[in-house]
Amino acid sequence: MDVHRLKFLDLKPRSITCLAFNNSRERPKLAVSRSDASIEIWRYSGDDRDFCHQFTIPGRDDLSIDVLLWCKDRLFSAGLSGIIHEWDILSLQPTQSADAMGSPIWCMDINRDESTLAVGTDDGKVCLYDITNNSLFIWRTLDKQEPRIISLSW
């Protein structure tokens with residue numbers, strides 16, 4: 001008896017590092033970050049709470065994504081590299097980047113007005129970034145705390 005083996009797909013599963021949900025009424029989306037620094041965008045289909053894969057932003061070797069955050073239709077990512085990226089989900093490229101003063105980033109959140117992005121860093125600082133008018137620049141740094149900032153909320 002001959003055994004015939006076919007292999008069509010070389011699947012290499014990658015773990016999920018973080019999730020971010022955009023609760024827009026018109027176009028709800030889910031962003032999924034993988035261990036290879038790729039970002040998958042899933043669109044809510046509206047049928048029985050199903051999500052459909054829309055596209056994937058390829059990962060890069062110099063990038064680590066440990067935090068994802070939506071602000072309306074703007075997607076922000078950050079990680080241990082200490083850089084915040086805003087992604088253009090049409091061109092699949094970063095549109096803006098900002099440095100967190102060289103420190104790894106553990107967490108991010110946006111205020112209720114959706115005008116300021118707060119970033120918690122490894123060296124105990126909380127950096128505030130102005131994101132109005134499609135900008136991304138550091139506005140203020142709060143006093144340094146003793147341990148790293150691993151979680152924050154407005």
Side-chain angles (χ1 to χ4, degrees), residues 7-24 26-45 50-111 113-142 144-145 147-154:
K7 191 173 181 181
F8 292 108
L9 178 64
D10 186 21
L11 181 63
K12 295 178 184 174
R14 291 167 184 88
S15 61
I16 294 173
T17 57
C18 60
L19 302 167
F21 183 67
N22 178 2
N23 197 12
S24 170
E26 298 171 5
R27 297 176 300 239
K29 293 180 186 143
L30 177 68
V32 178
S33 167
R34 298 280 181 171
S35 59
D36 66 345
S38 63
I39 302 172
E40 300 173 1
I41 305 296
W42 294 75
R43 178 180 44 85
Y44 179 65
S45 66
D50 290 334
F51 282 86
C52 298
H53 182 261
Q54 197 170 8
F55 52 83
T56 300
I57 299 171
R60 297 184 347 209
D61 292 336
D62 63 335
L63 192 61
S64 110
I65 298 178
D66 299 298
V67 184
L68 286 172
L69 186 68
W70 287 99
C71 177
K72 299 178 183 168
D73 283 332
R74 296 171 70 184
L75 178 63
F76 295 95
S77 71
L80 300 180
S81 62
I83 298 175
I84 304 164
H85 294 285
E86 180 182 355
W87 294 93
D88 182 356
I89 57 175
L90 298 176
S91 70
L92 309 181
Q93 297 294 322
T95 57
Q96 299 183 71
S97 297
D99 191 2
M101 297 185 195
S103 181
I105 297 170
W106 287 94
C107 53
M108 290 192 301
D109 200 13
I110 292 190
N111 68 346
D113 296 336
E114 297 181 337
S115 62
T116 306
L117 174 71
V119 174
T121 64
D122 192 53
D123 62 356
K125 294 179 186 169
V126 175
C127 302
L128 302 177
Y129 292 83
D130 183 9
I131 58 171
T132 57
N133 301 323
N134 290 327
S135 64
L136 177 63
F137 64 90
I138 193 158
W139 169 60
R140 185 175 178 191
T141 301
L142 302 181
K144 183 177 178 179
Q145 304 298 311
R148 67 176 61 128
I149 308 296
I150 57 173
S151 178
L152 55 84
S153 181
W154 286 87

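If you read the sequence from its start, that first residue is 1, and numbering goes on from there.
Partners of D36 under the side chain to side chain contact (heavy atoms under 4.5 Å, CB included) rule, at least two apart in sequence or in another chain, are R14, R34, S38. Legend: residues meeting salt bridge (Lys or Arg N to Asp or Glu O under 4.0 Å) with R148, ordered by chain and number and at least two apart, are D122. Taking D73 as the reference, R27 meet the salt bridge (Lys or Arg N to Asp or Glu O under 4.0 Å) condition, with sequence neighbours excluded. Every residue was checked against the salt bridge (Lys or Arg N to Asp or Glu O under 4.0 Å) condition with D66, not counting sequence neighbours, and none meets it. For E114, there are no side-chain hydrogen bond (donor to acceptor under 3.5 Å, both in side chains) partners two or more places apart in sequence or in a different chain. Not counting sequence neighbours, S15 has no partner by the side-chain hydrogen bond (donor to acceptor under 3.5 Å, both in side chains) test. Residues that satisfy the ring-ring contact (aromatic ring centres under 6.0 Å, His included) test with W106, not counting sequence neighbours, are absent from this structure. Judged as a side chain to side chain contact (heavy atoms under 4.5 Å, CB included), and not counting sequence neighbours, the contacts of N134 are R74. By the salt bridge (Lys or Arg N to Asp or Glu O under 4.0 Å) test, R60 is found to be paired with D62, residues two or more places apart in sequence or in another chain being considered.
Here the CZ-CG distance, from F21 to L69, works out to 13.5 Å after rounding to the nearest 0.5 Å. Rounding to the nearest 0.5 Å gives a distance of 7.5 Å between CD1 of I57 and CD1 of I65. Distance check: L68 CG to S33 OG gives 5.0 Å after rounding to the nearest 0.5 Å. How far NE2 of H53 is from CD1 of I41: 8.5 Å, rounded to the nearest 0.5 Å. Interatomic distance, NZ of K72 versus CG of N22, reported as 11.0 Å (0.5 Å rounding). Summarising the geometry, atom CH2 belonging to W139 is positioned 12.0 Å from atom CG belonging to L117; distances are rounded to the nearest 0.5 Å.
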Exercise for the section: May I have the step-by-step check of side-chain contact (heavy atoms from CB on, under 4.5 Å) for L75 and K29, ending in yes or no? Expected result: CA-CA 10 Å; L75 178 63; K29 293 180 186 143; over 6 Å; no
Exercise for the section: In sequence, state the C-alpha distance, the side-chain angles, and the governing distance for Q54 and I89, and then conclude on side-chain contact (heavy atoms from CB on, under 4.5 Å). Expected result: CA-CA 10 Å; Q54 197 170 8; I89 57 175; over 6 Å; no
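Taking every heavy atom of both residues into account, W154 and A118 meet most closely at NE1-CB, 3.5 Å. Closest heavy-atom contact between G120 and L152: N-CD2, 3.5 Å. A pairwise comparison of heavy atoms in S81 and S64 identifies N-OG, 4.0 Å as the closest pair. A pairwise comparison of heavy atoms in I131 and L136 identifies CG2-CD1, 3.9 Å as the closest pair. Residues C107 and S151 approach most closely at SG-N, 3.5 Å, considering heavy atoms. Residues M108 and A78 come closest through the heavy atom pair SD-CB, 3.9 Å.
Between the side chain of S103 and the backbone N or O of T121 there is no donor-acceptor pair closer than 3.5 Å. Listed for the S97 side chain is no donor-acceptor partner under 3.5 Å among the backbone atoms of I83. Under a 3.5 Å cut-off, the side chain of T95 and the backbone N or O of D88 do not form any donor-acceptor pair.
The salt bridge (Lys or Arg N to Asp or Glu O under 4.0 Å) analysis of residues 90-110, with sequence neighbours excluded, yields no pairs. Each salt bridge (Lys or Arg N to Asp or Glu O under 4.0 Å) pair with one or both residues in residues 124-138, not counting sequence neighbours, appears once here: D123-K125. Here ring-ring contact (aromatic ring centres under 6.0 Å, His included) pairs that include residues 60-90, with residues two or more places apart or in two chains, are H85-W87.
More than 12 heavy atoms of other residues, nucleotides or ligands lie within 6.0 Å of CD1 in I16, so this atom counts as buried by the packing criterion.
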